[in-house]
S.K.: 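Please see the structure below; I have some questions.
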Amino acid sequence: MSLRELARRAGTSHSAISAYETGRRSPTTDTLDRIVRAAGFALDATLCRRMYGDGDSGGGRGDELEAVLLLAEQFPARHQSELVAPVFGRAPGAVGQ
């Protein structure tokens with residue numbers, strides 16, 4: 001199907017379709033739906049909450065935060081007030097050397 005035929009079926013101009021195709025413009029959701037239908041497809045979308053970082057349109061920072069939070073779930077939220085660790089060079093269980 002030609003660009004002009006797609007535009008005609010979608011009820012828009014061929015120059016608008018060309019601008020959408022090259023990324024110079026973004027269609028509204030209604031226009032996108034008309035273009036997709038004119039091409040013989042249906043537009044299905046699932047909305048989900050996603051966190052984005054500064055200038056991040058791909059969700060990389062949100063993915064990173066999600067991974068950190070999943071990792072944090074594996075550690076206790078509370079810990080002892082004093083760090084208990086073996087002293088280097090002593091056998092485990094040795095006292096007062």
S.K.: Roughly how far, to the nearest 0.5 Å, is the CD1 atom of Ile17 from the CD1 atom of Ile35?
M.R.: 3.5 Å
S.K.: Return the CG to CD distance between Leu69 and Glu64, rounded to the nearest 0.5 Å.
M.R.: 10.5 Å
S.K.: Determine whether Leu32 and Phe41 fall in the same hydrophobic cluster, where Ile, Leu, Val, Met, Phe, Trp and Tyr are linked whenever their side-chain heavy atoms lie under 4.5 Å apart.
M.R.: yes
S.K.: Between Arg34 and Ala10 (side chain of the first, backbone of the second, donor and acceptor by atom type, cut-off under 3.5 Å), is there such a pair?
M.R.: yes
S.K.: Quick one: closest heavy-atom pair of Met1 and Ala39, and the distance?
M.R.: CE-CA, 4.2 Å
S.K.: How far apart are the closest heavy atoms of Arg24 and Ser15, and which atoms are they?
M.R.: NH2-O, 4.3 Å
